[in-house]
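Quick one: structure below, then a few questions.
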There are 2 protein chains.
Amino acid sequence: MSAKRRPTMADVASLAGVSLSTVSLTYSGAGPISPDMRARVERAASELGYAGPSPQAQALRSGRSRVVGLVIHERLHFAFRDPFTLRVLDALIGDLGEMGQGVLLLPSPSEDSTEPNLLATASMDAAVLMRVRDHDEPALDILARRELPFAIVEGTAPGAAAITIPDRRATADLIRHLMELGHERIATVTLPRGGRKGTGIYEGELLAGALWTPTRNRLAAFEDAGIEPCVVIESGASMVEEGVAAGHLAFSHPSKPTAVVCQSDLLAGGVVLAARELGLSVPDDVSITGFDGLDLPWLQPLDLTTVPQDGAAKGHLIAQGVKALLDGDEPPVIELPLEIRVGNSTARAPQ
Amino acid sequence: MSAKRRPTMADVASLAGVSLSTVSLTYSGAGPISPDMRARVERAASELGYAGPSPQAQALRSGRSRVVGLVIHERLHFAFRDPFTLRVLDALIGDLGEMGQGVLLLPSPSEDSTEPNLLATASMDAAVLMRVRDHDEPALDILARRELPFAIVEGTAPGAAAITIPDRRATADLIRHLMELGHERIATVTLPRGGRKGTGIYEGELLAGALWTPTRNRLAAFEDAGIEPCVVIESGASMVEEGVAAGHLAFSHPSKPTAVVCQSDLLAGGVVLAARELGLSVPDDVSITGFDGLDLPWLQPLDLTTVPQDGAAKGHLIAQGVKALLDGDEPPVIELPLEIRVGNSTARAPQ
DNA sequence: ATCTCAGTTCGAAACGTTTCGACTTCTAGG
DNA sequence: CCTAGAAGTCGAAACGTTTCGAACTGAGAT
């Protein structure tokens, strides 16, 4: 018995007694094919166990691989831990799937190593960056060199499709809301800044070193509101555990904050837990705000003051952006609207 | 000015004044290339802005696309919501990345539609199924037709690599633990069974219709323990919200269960919240068990009686299985060990 | 001066499609 | 009866690599 090769279109063609092009036309759907011809080809194919055109050959010949790369910055474990991100990706991946595009997970290229990174070598038609550094983003260089079109979520770059949110303005609204309630010592818990890992107090220039755009924008909001945070705590990831640790740091800080602005609801939830552990009442002793508008059932009856985002809408918009890229259209630049929602986690500052 | 084509190896070769094969050898690392030749090629490449070998051509020629497909059954939103799954995927994706393999997210093929599914058409070297139906799994047919090697997590199929857990035995241990504490009316909250969506009471034959292997195994454990659950509640996904809804159903059921066996910690967490809302004390009024051994900070000081799993270890093992598949080795079949861990969410049944 | 043998480099044949223009038929209009 | 055009099918040229065996170069051995 021969080591049987996988059948190809040529095999199907010769068994069906037609030309290779005809078989190709049958599968691709392009070109006019008579019904009986189609039947003949299909019978030959199933007789041979032909599984359809080789994707790799299709990709080479047509120049499209039907794959969109998704750059993941942290360990997946962290990146996908946030239900909001998940909702965005859910919509995005669903839409891309309907467009016949698969989604390839790509670890972010580390700046230090020159080791071959998947972003540089994997076959794809476009890429989506879920976040970007304001400067010195190695992914951008790689994409530029490969001449791959790409979309950026919460960030911008020349030539890229961009989906942004006015998070700076919304955060400033949140801070003003707290100031109107009489708060003067406001702490803030940030998302990762792009540098060191792990939760801790960040000392020094407010913005310097805040590489990730969202972290940076939401910190800059303090300037807009005309107040300085009494302590800035950087979290290692958007997770409840990190929020708990950050809360303990905040509440034991000598500046005695009466309010904590958190850059995500998950962090805010953790800060609430820390407050409770320390016997502080929310919102009577301390006001806490979040971001994203998640539904956290275990926080009930507390209802966070936060900035709700529509994750699905965001995902759909990104997909739309990718579609434009794939069609060779002008890359769209879109900003989603954002308004704060006042819950019962913020109240008048204690005397 | 010409519409400038992307440069190819041939362009690099002719600019460097060497043969195409030499350039290929330079990039692939195979074959002996003298240092000055390498330098010459590299200079020519950077002069042209050559971004490296085309992945699509490489894939066609070498027959390897450096992509592993990951079949997602539900909406990503649900599938990735569970921190445990995330931890598994984190390790898996990391390991595969180190092997130079990207991970392609594939929505599960729906049995009804004959529409072209990505699993059938995407280019990949192997696939991973995170779960499988005991019978009638359309994914298996597609993979067989394509002659793609694949690994199954929590399930088996002839010819496939398999990573399983003795969840049936472990669940039986959990049930026996409850019986020893005097519980006689035990409810159970299952993961999705594979059919209808949404949380609700399931009436009828215990196992019939429980298509997903894990759901089925953990239900079958009741038979092993020699007791029948007083009510079976199927959840729509492994999520806290679903657990809350399930808890309400359980505690308002006429059979008045004194214990609830939940097929995941997230569901158990939700059931605990439901109990609290109804003024029931855990574990004094009702005992609750979980599965997976997650760290749920918001549940403190409650410490679930559960069956801890090592997500990272599982992910590493899957990667190892995939590696074997890619190397053409015998597909490994591995079972991870499992032991129950008694916390303070279970206690003597109330009088 | 000839032979051998590494150490390198080169030619050419795949890999399995898509696609474009050309080539048959066949139908219908004049 | 002739012919324009539509419908269906076919040939052949890419797409950009990898890879195998052959060919070329000196250096040392004879």
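Protein chains get the first letters and strands the later ones, always in sequence-line order, with residue 1 at the start of each.
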Any salt bridge between B:K323 and B:E98, counting N to O under 4.0 Å?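 Salt bridge flag = no for B:E98 with B:K323.
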
Counting only side-chain N and O atoms of A:S19, is one of them less than 4.0 Å from OP1 or OP2 of D:dC10?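 It does, given that an N or O in the side chain of A:S19 lies less than 4.0 Å from OP1 or OP2 of D:dC10.
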
What is the separation between atom CG on B:L25 and atom P on D:dG16, rounded to the nearest whole Å? 20 Å

Please check if the side chain of A:R87 supplies one atom and the backbone of A:K314 the other of a donor-acceptor pair under 3.5 Å.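 A pair under 3.5 Å: no.
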
The nucleotide from C:dA12, D:dC10, C:dT9 with an atom nearest the side chain of A:M37 is D:dC10

Do B:R64 side-chain atoms and B:L326 backbone N/O form a donor-acceptor pair below 3.5 Å?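 Yes, the answer is positive, given that a donor and an acceptor are paired below the 3.5 Å cut-off.
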
Distance in angstrom units between A:D11 CG and C:dC15 P, rounded: 11 Å

Verify the contact: side-chain N or O of A:Y27 to OP1 or OP2 of C:dG16, cut-off strictly under 4.0 Å; return yes or no. no

Does A:Q58 place a side-chain N or O at less than 4.0 Å from the phosphate oxygens OP1/OP2 of C:dT18? yes

With respect to the phosphate group of C:dT18, does any side-chain polar atom (N or O) of A:S62 fall under 4.0 Å of OP1 or OP2? no

Rounding to a whole Å, what distance do you find between A:R40:CZ and D:dG8:P? 14 Å

So does A:S24 get a side-chain nitrogen or oxygen closer than 4.0 Å to the phosphate oxygens (OP1/OP2) of C:dT18? yes

Distance in angstrom units between A:R38 CZ and D:dT9 C1', rounded: 14 Å

Heavy atoms only, 4.0 Å cut-off, all strands: where does B:L20 land among base, sugar-phosphate and nothing?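 Result for B:L20 = base.
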
Using a heavy-atom cut-off of 4.0 Å across all strands, would you classify B:P53 as base, sugar-phosphate, or nothing?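 Contact class for B:P53: sugar-phosphate only.
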
N/O donor-acceptor pair, side chain A:R61 with base C:dT18, under 3.5 angstrom: yes

Tell me: CE of B:M9 to P of C:dC15, nearest whole Å? 19 Å

Atom CD of B:Q56 to atom P of D:dT18: distance rounded to whole Å?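 Computing the B:Q56:CD to D:dT18:P distance gives 13 Å.
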
Does B:R131 use its side chain to pair, donor to acceptor, with the backbone of B:H73 at less than 3.5 Å? no

Judged by each residue's nearest nucleotide on DNA chain D, which is more toward the 5′ side, A:T22 or B:A30? A:T22

Is A:Y50 near enough to C:dT17 that one of its side-chain N or O atoms lies under 4.0 angstrom from OP1 or OP2? yes

Taking the side chain from B:D327 and the backbone from B:D329, do they hold a donor-acceptor pair closer than 3.5 Å? no

State whether A:S34 places a side-chain N or O below 4.0 Å from either non-bridging phosphate oxygen (OP1 or OP2) of D:dT9.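 Answer yes for this pair, as a side-chain N or O of A:S34 is under 4.0 Å from OP1 or OP2.
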
Just call it for B:T8: base, sugar-phosphate, or nothing, with non-hydrogen atoms closer than 4.0 Å on any strand. sugar-phosphate

Quick one: on DNA chain C, does A:V23 or B:P32 contact a more 5' nucleotide (nearest heavy atom)? B:P32

Would you indicate what B:S54 reaches in the nucleic acid, counting non-hydrogen atoms under 4.0 angstrom: base, sugar-phosphate, or nothing? sugar-phosphate

With a 3.5 Å distance limit and no angle check, can you tell me whether B:R40 reaches the backbone of B:A16 through a side-chain donor-acceptor pair?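 Checking the backbone N and O of B:A16 against the side chain of B:R40, a donor-acceptor pair under 3.5 Å is found.
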
Protein-nucleotide distance (A:L60, atom CG; C:dT19, atom P), rounded to Å: 12 Å

